[in-house]
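Got a structure for you, questions after.
For clarity, every value in this text was computed on a predicted model and none was experimentally measured. In this chain, residues are counted from 1 in sequence order.
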Amino acid sequence: MHDLIAFIQSNSALVAANPLAFATSAALFGAGGFAVGRYFLAERIANLESRIARRDEEITDLKAKQKAPDPEGPVPLFEMTEMLPPAPFNFNRLLVSGKTLPG
């Protein structure tokens, strides 16, 4: 940077004598540098733009999933019914009641 400043200071008489030529060449070189930089960075810019678009789609999908009601509806009846084994056979009641077994 110091070399550029020294170059301009040493050639300031030339720049002062032809300001239009200096401004034109500065604009051309600046625009050329911008175009070359834009060309080499175009792929990176496109990659970043696609990543932003994909992230936005993921955000909208996640928001839609948050707002959606739970798919689980009412619990079916067979899941609510408790299945117990039959009560054990009580021989004491038969003896007390006086009933006899067939057979």
Side-chain angles (χ1 to χ4, degrees):
M1 188 68 178
H2 295 291
D3 294 337
L4 178 64
I5 293 172
F7 177 76
I8 292 175
Q9 285 177 346
S10 66
N11 293 316
S12 62
L14 181 62
V15 171
N18 297 315
L20 183 62
F22 176 76
T24 304
S25 63
L28 287 175
F29 282 112
F34 180 78
V36 169
R38 184 86 174 158
Y39 174 76
F40 285 120
L41 293 177
E43 182 180 352
R44 186 171 182 185
I45 291 170
N47 185 15
L48 292 173
E49 287 175 348
S50 68
R51 287 174 57 188
I52 289 172
R54 186 177 66 232
R55 187 198 60 178
D56 290 341
E57 290 173 4
E58 290 176 357
I59 288 172
T60 55
D61 290 344
L62 289 174
K63 284 183 180 179
K65 286 181 183 178
Q66 276 183 338
K67 293 180 181 178
D70 290 336
E72 184 178 329
V75 178
L77 187 59
F78 67 88
E79 289 183 10
M80 293 176 40
T81 308
E82 185 176 1
M83 299 298 289
L84 297 175
F89 194 71
N90 189 352
F91 289 103
N92 291 335
R93 289 178 56 204
L94 289 175
L95 295 175
V96 171
S97 66
K99 294 181 182 177
T100 59
L101 291 174

Check: Going from CD1 on Ile52 to CD on Glu57, what distance comes out if it is rounded to the nearest 0.5 angstrom?
Finding: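 Taking CD1 in Ile52 and CD in Glu57, the distance rounds to 12.5 Å.
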
Notebook entry, point to check: Which ILVMFWY residues are connected to Phe40, directly or by a chain of links, through side-chain heavy atoms under 4.5 Å apart?
Noted result: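 Answer for Phe40: Val36, Tyr39.
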
Check: What distance separates Asp61 CG from Asp56 CG, expressed to the nearest 0.5 Å?
Finding: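 Going from the CG atom of Asp61 to the CG atom of Asp56 covers 11.0 Å.
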
Margin query: Using 0.5 Å steps for rounding, measure from the CD1 atom of Ile45 to the OG atom of Ser50.
Written below: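 Ile45 CD1 to Ser50 OG: 12.0 Å, rounded to 0.5 Å.
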
